[in-house]
Amino acid sequence: MKTNVRNYNDTELLNKVKSLKSFKAIPDGYWFLGVRSNEDAPNVFDDKGYLFRGEQFIKVFPMTTNAGTPILQGGFLKYNKVGTAHVKANELYYDLWKYGLHRGKMPALVQVGNILIFRDGDMDRKAEEIGKFIKGLFGINFHSTKYDFTHHVVTPIIGEWSAGCQVVNDTEVYLMLINMVKNQARISYCLIDEF
């Protein structure tokens, strides 16, 4: 699905990041920026991701920062009884990820630093910031939608590919991103709401 998140220039994005309360400095090396869609269409990849190196823009790509509807509507119970993990937006999470394997089989960025999440347990189709946020290690990884990368696939529906993880639906783009950042010791992530 084509995202309806508006287009931003580098300066707009960097100024927004620098305005956050959690901002200390632009991360060294590669880092990711997620922009969560205001439209928030259920179960589709309607958010945008950006790869930066310092203040240099590298790539923009479609992704999701929200869980899929099967998880939101009760699938979360196999992971957590309270609700689906929903990452708190408008925060910069320094040194959040390192290169590793998602579920032991997909090259990915795996969570090693603390992140803030909400637990969305109302079982509707929308990913929401419900209740109080909590901080910790929740397995919020950065990964794609296929374990087999021999074919280029663009997955239109989130489904069970995200229970809180930040997910790229284009395998070709994803592999390019992972190969660029995999040798960096830690990767920071900033998530903002569309503005």
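Just so you know, these numbers come straight off a predicted model, no measurement behind them.
- Panel note: side chain N90, backbone I192; no donor-acceptor pair is recorded below 3.5 Å.
- When hydrophobic clusters are built by joining Ile, Leu, Val, Met, Phe, Trp and Tyr residues whose side-chain heavy atoms come closer than 4.5 Å, directly or via intermediates, I117 is not grouped with M123.
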Practice item. Begin from the C-alpha positions of N66 and R36 and carry the test side-chain hydrogen bond (donor to acceptor under 3.5 Å, both in side chains) through to its verdict. Key: CA-CA 8 Å; N66 300 319; R36 182 174 280 153; 3.1 Å; yes

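- D47 places no side-chain N or O within donor-acceptor distance of the main-chain N or O of T64, the cut-off being under 3.5 Å.
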**Study point:** Working for ring pair (Phe, Tyr, Trp, His ring centres under 6.0 Å), residues W161 and Y174
**Key:** CA-CA 14 Å; W161 280 108; Y174 175 74; over 10 Å; no

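- Placement of L177 and L175 within a single hydrophobic cluster is found when ILVMFWY residues are connected by side-chain heavy-atom separations under 4.5 Å, directly or transitively.
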For residues 49-61, please give each side-chain donor-acceptor pair under 3.5 Å, one per line with the distance, not counting sequence neighbours.
unit_1, atom_1, unit_2, atom_2, d
R53, NH1, Y30, OH, 3.4
E55, OE2, K18, NZ, 2.9

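- Under the 3.5 Å distance criterion, the side-chain polar atoms of S162 are matched with a main-chain donor or acceptor of C165.
- Side chain of T171 to backbone of F149: no donor-acceptor contact under 3.5 angstrom is found.
- Heavy-atom minimum distance, Y93 versus K88: OH-O, 2.7 Å.
- When all heavy atoms are compared, the tightest approach of E39 to E194 is N-OE1, 4.4 Å.
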Point to revise | Verdict with supporting geometry, S22 and E91, side-chain hydrogen bond (donor to acceptor under 3.5 Å, both in side chains) | key: CA-CA 6 Å; S22 55; E91 299 285 347; 3.3 Å; yes

Practice item. Given salt bridge (Lys or Arg N to Asp or Glu O under 4.0 Å), test E12 with R6 step by step and report yes or no. Key: CA-CA 12 Å; E12 288 176 303; R6 81 171 186 86; 3.1 Å; yes

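- By the 4.5 Å heavy-atom criterion applied to side chains, P107 and N179 are not counted as neighbours.
- In this structure, the ring of Y189 has its center no less than 6.0 angstrom from the ring center of W31.
- Taking the six-membered ring for Trp and thresholds of 30 and 60 degrees, F142 and W97 have ring planes inclined between 30 and 60 degrees apart.
- Judged by a 6.0 Å distance limit and a 45° cone about the ring axis, R186 is not positioned over the six-membered ring of Y94.
- For Q111 (side chain) and G113 (main-chain N/O), a donor-acceptor pair under 3.5 Å exists by modelled atom type.
- Follow the hydrophobic side-chain contacts under 4.5 Å out from L20 and you reach F195 in the same cluster.
- Geometric assessment of K132 against the ring of F118 yields a negative cation-pi assignment under the 6.0 Å and 45° thresholds.
- A single hydrophobic cluster is seen to contain both V5 and L33, as judged by linkage of ILVMFWY side chains at heavy-atom distances under 4.5 Å, directly or through other members.
- Other residues, nucleotides and ligands contribute more than 12 heavy atoms inside 6.0 Å of the CG atom of N15.
- No donor-acceptor distance shorter than 3.5 angstrom exists from the side chain of E172 to the backbone of V154, with no hydrogens or angles considered.
- For D120 (side chain) and E128 (main-chain N/O), a donor-acceptor pair under 3.5 Å exists by modelled atom type.
- One finds no salt bridge joining R119 and E129 here, because no Lys/Arg side-chain nitrogen approaches an Asp/Glu carboxylate oxygen to under 4.0 Å.
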